[in-house]
Amino acid sequence: MKIYNTLTGKKETFVPLVEGRAGMYVCGVTVYDVCHIGHARSAVVFDVVRRYLRYRGLDVEFVKNFTDIDDKIINRAREEGASWDAVAGKYTGKYYEDMHRLGVEDADVEPRATEHIKEIIEMVEGLIEKGHAYSVDGDVYFSVPSFPDYGKLSGRKLEEMLAGARVEVDPRKKDPMDFALWKSSREGEPSWQSPWGPGRPGWHIECSAMSMKHLGQTIDIHAGGADLIFPHHENEIAQSEAYNGKPFVRYWMHNGFITVNKEKMSKSLGNFFTIREILDLFDPEAVRLFLLQTHYRSPIEFSNEPLEEATHTLVRYYQSLERLEEFLSLPEGKKENFPPGFEDGILGAQRFQKRFMQAMDDDFNTALAIGHVFELVKEMNRFLDQNPAGEKAREFLLKAKEGLFEAAGVLNVFNRTPSEWQRALLKIKKIGLEVAEIERLIGERRAARAGKDFKRADGIRSGLEEKGIALEDKKDSTAWRVKL
RNA sequence: GGCGGCGUACCCAAGUGGUUAAGGGAGAGGUCUGCAAAACCUCGAUGCAGCGGUUCGAAUCCGCUCGCCGCCUCCA
């Protein structure tokens, strides 16, 4: 398995620190507002990475933090007239709601910064002792020049960065690049007791302290959005390696951005879409498919159109799945008919599983993996067109379906039943009809058709059509589906 | 200014040295059907921003040009 490592800029074979296990830390969110689709991308992408590592037999310890104290939370609390912890609690709850709808699994450990004040203080004290940090008036700064490797992740040199220092430099810093490990609190701000007086942790230190506590001094994978490379992850490396004298992370993974009109989606530009407003219009599975149809390191341009396309894609998928299940549920026929030429295709000999793994082994190429899913779907349809029958054909398709569902479990897409999908569509398209009502009308129409009363049958059909339900007559049944 | 990335069919998108350049959406033809619709099947880039070079061979490596974007500041 190969993983693109930001640290080296290359795809590298993944060799875990301890055979058969993988420790993975993902930078979560700062809980001061609801999440947007960019947060969803990061969460979904690394959810798939985690699932795939597990699928490949690794025992994965997956840690994702919540930053529950920071300037933005304090400001938000002021705006909402609430306490900081009420704000953090509220948006943590909303995070879970959104992520659960998107099929993102909870992490094994979900540490909060404020639950690790003791560990953070210990680490800051250690850094001061080792001469990598210093305190000034209740603040503590990390001394960047004390860590010669600084810049190795983001690929820049200290001298180059000094020229780009655009922000006014705090005169109490010994070096403009130094960053805060501990911030003193003003009157009325949330604070914790420390050797330097009341204060709160700086942003970067929490990840170092929590990663070390829950996964050890050196971890296999550390992941997050590409905007965290500098300074956040660069600073984490400096703190952790200065403190432990050991490599902090073996593989750094970063996902690409969501863009709107080619520009990065961000709070400050105001061009962001929240997960909940998107899920009001589109099914979560379509959103997840949309996110996974592009490689995780490439940018994704956001708009409604590709989400509509992804919905169409799922319609096609579930229609084919329904067809497969109809065949499998038929009583076994006496005669055998195994259409020729299919054994060598992607349906046979676990070929699909192999291709799926090849794609995922190559730096989690979900886009290619999804392509293989549709190669399988297409060939399955072609196979079914040949009117197969008998035990051999049945076994053949069952195997293919097994492979499909293994992949579906990793992507957490394609693994509902066709009728679950239809009901979900009914809901998302806000069709004001119950399934039972639709089925009753289909029954009426069937009777009309049997009596050759096509006028009445067509009337029922067009009535349903106006409400957004299309009818499809099959050999000896009528199916309904939500019009798109 | 420094560093990095991207440009593949009408749209989205995989592919980064070697069989016919995946897959999805849209479109066209066909099958099915009481008529439909949907679905299914088939078709689709002799070419991968442009120009030059390396090579037996390049979308894939190198150079230049054009266009777009990101990071250097909180940010998934």
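These values consider heavy atoms only, across backbone and side chains, with no hydrogens, waters or symmetry-generated copies. Every chain is numbered from 1 and lettered A, B, ... according to where its sequence line falls, protein lines coming before strand lines.
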Round to a whole Å and report the spacing from [atom1] of [X] to [atom2] of [N].
X	N	atom1	atom2	value
R355(A)	rG23(B)	CZ	C1'	12 Å
E466(A)	rA36(B)	CD	C1'	16 Å
K72(A)	rA76(B)	NZ	C1'	11 Å
M265(A)	rG70(B)	CE	P	13 Å
N255(A)	rG5(B)	CG	P	18 Å
L269(A)	rU73(B)	CG	C1'	13 Å
D178(A)	rU73(B)	CG	P	14 Å

Does the ring of Y4(A) carry R297(A) above it, NZ/CZ under 6.0 angstrom from centre and within 45° of its axis?
yes
Ring of F272(A), cation from K267(A) - is the NZ or CZ under 6.0 Å from the centre and inside 45° of the axis?
yes
Please confirm whether the ring centroid of [X] lies under 6.0 Å from the ring centroid of [Y].
X	Y	result
Y32(A)	Y91(A)	no
H233(A)	H254(A)	yes
Y150(A)	F147(A)	no

Regarding the side chain of E305(A), the nearest nucleotide among rA76(B), rC11(B), rG24(B) is rC11(B)
Restricting to salt bridge (charged side-chain N to carboxylate O under 4.0 Å, His left out), what partner residues turn up for D47(A), sequence neighbours left out?
R51(A), R288(A)
Using the salt bridge (charged side-chain N to carboxylate O under 4.0 Å, His left out) criterion, which residues pair with K2(A)? Sequence neighbours excluded.
none
R461(A) with D458(A): basic N within carboxylate O range, under 4.0 Å:
yes
Do D70(A) and R200(A) sit within salt-bridge range, that is, some charged N less than 4.0 Å from a carboxylate O?
no
Would you classify [X] as touching base, sugar-phosphate or nothing, given that sugar-phosphate means primed atoms plus P, OP1 and OP2, and contacts are heavy atoms under 4.0 Å?
X	value
I229(A)	nothing
R445(A)	base
K452(A)	nothing
G9(A)	nothing
F374(A)	sugar-phosphate

Are F257(A) and rG70(B) stacked, counting the six-membered base ring, centres under 5.5 Å, planes under 30°?
no
What integer number of Å spans the [atom1] atoms of [N] and [M]?
N	M	atom1	value
rC12(B)	rG1(B)	P	30 Å
rG27(B)	rG63(B)	P	43 Å
rU46(B)	rU20(B)	C1'	11 Å
rU55(B)	rC74(B)	P	49 Å
rA59(B)	rG18(B)	C1'	13 Å
rA76(B)	rA37(B)	C1'	43 Å
rG47(B)	rU33(B)	P	42 Å
rA45(B)	rA14(B)	C1'	15 Å

Phosphate OP1/OP2 of rC71(B) contacted by K264(A) side-chain N/O (<4.0 Å)
yes
RNA chain B base-pair string [pairs: Watson-Crick or G-U under 3.5 Å; |: paired with another strand]:
((((((((.[[[..)..(....]]].(((((.......))))).....[[[[[..)....]]]]])))))))....
For a quick test of reading the model, state the closest non-hydrogen atom pair linking P388(A) to F383(A) and the distance between them.
CD-O, 3.4 Å
Name the pairs: protein N/O against N/O of nucleotides 37-44 of chain B, kept only if under 3.5 Å.
residue : atom : partner : partner atom : Å
rA38(B) : O2'  : E472(A) : OE2          : 2.7
rC40(B) : OP1  : R316(A) : NE           : 2.8
rC40(B) : O2'  : D385(A) : OD1          : 3.2
rC40(B) : O2'  : D385(A) : OD2          : 2.6
rC41(B) : OP1  : K378(A) : O            : 3.0
rU42(B) : OP1  : R382(A) : NE           : 3.0
rU42(B) : OP1  : R382(A) : NH2          : 3.4

Just by protein heavy atoms under 4.0 Å, how would nucleotides 12-18 of chain B read 5' to 3' in B, S and -?
-SSS---
Check RNA chain B against residues 37-52 of chain A and give the residues with a non-hydrogen atom under 4.0 Å, in numerical order.
G38(A), H39(A), S42(A)
Pairwise side-chain contact, F405(A) with L321(A), heavy-atom cut-off 4.5 Å (strictly under):
yes
Could you check whether any side-chain heavy atom of Q386(A) comes within less than 4.5 Å of a side-chain heavy atom of F338(A), counting everything from C-beta outward?
no
